[in-house]
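See below for the structure under consideration.
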Amino acid sequence: DPAVDLVHFTILRPPEKSDFTPIRELALITFPTFELFDLRINEFDLIVFDRYVVRQVLSPRYFRKIGDYMEDGGAIMVAMGPEYAGTRSLYETPLGPLLPSRPTGAIVEQGYLPRLTDEGLQHPVTAGLTGTDGEANSTPEWGRWFRQVETVSRSGTVVMQGAAGRPLLTLDRVGKGRIGVLTSDHIWLWARGYEGGGPQAELVRRLAHWLMKEPALEEERLNAVLKDGALEVTRRSLETPPPVVSVTTPNGEVQALNLETIAPGQAAGRFAVSAPGVYRVDDGILTALAAVGSLNPLEYRDLRATEEHLKPLSARTGGAVFWLSDIMPEIRRVKPDNKAAGTGWIGLRANQSYVVSGVADIALMPWWLSAALVLAFLFAAWWREGR
C-alpha cells in the first residue's frame, strides 16, 4: 500500500556471533534510536514487536517511552516466539507490566488447531473468520500450528486459544491505547497454505486496524444505513445486545424497533422509512444517524463543465456565456432595456429596482454641544494664529 510508511531495520548478523563489534558499526548508518523512540514516537500509528529479543539495543528508558506512547493512545502488536519465554524476553523490560500475557517459561511444541473462544466469536477482530462455523471450541477448517509460548492471562480478552486451551491471541486496552499479543510464531503456515492454510491475511489486517482504532471494528457499535428502501440497524456488543432501540424520524416522532440476533454478539432490525431527512437511532448508550434522501440529486448527475444548460437562459435575458480560459470579459453597467453582452464585455443591468419606504432624520449630537465645539475650534484657531 503506497499510503503506508513502514520503518524497518534489519541487521544481517547471526545472533550467536560475538566479536565485540560495536552496535553502531553493524550498519552503514547509525540506528536512529533517539529520533524514532524519543522525538518522533508519537507519529507512529502502530509499533510491531516481531519475535523481539532484548539485546541492549534499546535502553530501559526507550521501553518506558513506548509504554507512555501506548497509554497516550498508541498501538502495539507483539508476535511472540521462543525468546519470549527466556531471560531476554520483552516481558523483562519496563514494557512488561503493560503486557496482558505473562510467560511461564515453557514452550509447547506440538500440533494444534487455533480455535475461537466465546469472546472471539463476538469480537470484530475474529468474528466470522473464514473457516469457522460460529461455535466456540469447534474444529475450524484451518491448518495446524506447531509451537506456542505458554502464558498466563493477566488482563484483556482472549479471542483465540491454542494447545490445551492456552491463550493464543489476547487483545487489551491500556490507558487510551491498545495492544495485541500473539503467543505463536507459526501464523506463517497459514500464509503458505499448510494443511489448507487459514485466514492469515484477514486476521492480521483486522488486528492491525483494530489496534489503530478503526471505527468499523469497535466492540460496541451501533450502525444505521439505508438499504432497499428501509433503515438497516445493526448493534454489535461483547455482551448481550439491547433487544430494542428507538428511532427518531425527521418529524420528531419516536418509534421502537425490535432487534433480532443474527450472530453471536450481533443483532439487527429493519425500519421502513417514509420521508426524507435525518433519522436518529438510540439504544440508551450509543447513537447513530442516517440521512435519507435522493442518492442522485440533479446537481451531481453530470459534473462536466458545459454551457448547454446556461446558454438558453442567457439568450432569453440578452446575456452571453464566456469561458474564462478563452477571455476575461470586461464588466460594464448597462440600462435595463439595453443588451447585456457584447464582444469581449458583459453587462450588469442598473434596474433601479428600489423603493423608499420612509425617511428619518437623526441628529448626530445636541445643538448646544455642536455650538460649543465650533466655538472651541474657532478659539483654538485664533490662539494658534496669534502665536
Side-chain angles (χ1 to χ4, degrees), residues 45-46 70-76 98 100 116-129 132 134-136 153-160 169-181 203 205-293:
D45 299 308
L46 175 64
M70 179 171 59
E71 292 184 302
D72 291 339
I76 293 180
L98 302 180
L116 300 184
T117 62
D118 291 333
E119 294 80 5
L121 292 173
Q122 303 178 28
H123 203 287
V125 172
T126 51
L129 281 177
T132 57
E135 295 183 4
S153 294
R154 301 169 57 247
S155 60
T157 303
V158 178
V159 295
M160 293 184 69
L169 177 59
T170 304
L171 307 178
D172 194 13
R173 297 170 183 260
V174 180
K176 299 179 181 179
R178 302 182 182 185
I179 185 172
V181 175
L203 175 60
R205 179 187 60 82
R206 290 191 192 180
L207 176 58
H209 282 259
W210 178 83
L211 291 172
M212 294 185 290
K213 302 179 182 180
E214 172 68 34
L217 293 174
E218 289 296 322
E219 301 94 318
E220 302 292 332
R221 186 166 186 261
L222 178 63
N223 190 39
V225 294
L226 181 65
K227 188 175 182 180
D228 298 331
L231 205 61
E232 192 172 274
V233 179
T234 306
R235 179 67 162 91
R236 178 190 291 273
S237 177
L238 295 183
E239 306 294 336
T240 302
V244 180
V245 296
S246 61
V247 181
T248 304
T249 61
N251 59 9
E253 182 182 358
V254 180
Q255 299 184 26
L257 174 64
N258 295 321
L259 303 182
E260 298 181 359
T261 301
I262 59 175
Q266 296 186 58
R270 292 177 63 85
F271 181 84
V273 297
S274 57
V278 177
Y279 287 76
R280 183 175 183 269
V281 183
D282 192 333
D283 64 356
I285 301 176
L286 301 177
T287 301
L289 300 176
V292 177

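Computed from a predicted structure; not experimentally measured.
Note: Arg270 CZ to Thr234 OG1 = 10.0 Å, rounded to the nearest 0.5 Å. Atom CD of Glu119 is separated from atom OG1 of Thr117 by 4.5 Å, given to the nearest 0.5 angstrom. Atom-to-atom distance recorded for Gln266:CD and Leu259:CG is 12.0 Å, nearest 0.5 angstrom. Residue Asn223 holds its CG atom at 11.0 Å from CG of Leu286, rounded to the nearest 0.5 Å.
When the shell of 6.0 Å around CD of Glu214 is examined, it contains more than 12 heavy atoms from other residues, nucleotides or ligands. When the shell of 6.0 Å around NZ of Lys176 is examined, it contains 12 or fewer heavy atoms from other residues, nucleotides or ligands.
Of all the heavy atoms in Val273 and Gly229, the pair that sits closest is CG2-O, 3.4 Å. Minimum interatomic distance between Pro250 and Pro276 (heavy atoms only, all atoms of both residues): CG-O, 3.6 Å. The shortest heavy-atom contact between Val158 and Ser153 is CG2-OG, 3.3 Å. Here the closest heavy-atom approach between residue Leu217 and residue Pro124 is recorded as O-CG, 2.9 Å. Heavy atoms only, all atoms of each residue included: Gly180 and Leu171 are closest at CA-CD2, 4.0 Å. Across all non-hydrogen atoms, the minimal contact from Leu231 to Leu226 is CD1-N, 4.2 Å.
The shortest distance between side-chain heavy atoms of Thr249 and Tyr279 falls below 4.5 Å. Side-chain atoms of Arg206 and Thr126, non-hydrogen and from C-beta on, never get closer than 4.5 Å to each other. Ile76 has its side chain out of reach of Leu98: every pair of non-hydrogen atoms, C-beta onward, lies at least 4.5 Å apart. In this structure, the side chains of Val281 and Leu222 come closer than 4.5 Å at one or more pairs of heavy atoms.
Qualifying side chain to side chain contact (heavy atoms under 4.5 Å, CB included) partners for Pro242, counting only residues two or more places apart in sequence or in other chains: Arg235, Asp283. Residues satisfying the side chain to side chain contact (heavy atoms under 4.5 Å, CB included) criterion with Leu238, sequence neighbours excluded, are Gln122, His123, Glu219, Glu220. Legend: residues meeting side chain to side chain contact (heavy atoms under 4.5 Å, CB included) with Glu239, ordered by chain and number and at least two apart, are Ser237.
Here the options are Arg236, Lys213, Arg173, the test is salt bridge (charged side-chain N to carboxylate O under 4.0 Å, His left out), and the partner is Glu218; only Arg173 passes.
Side chain of Ser246 to backbone of Asp282: a donor-acceptor contact under 3.5 angstrom is found.
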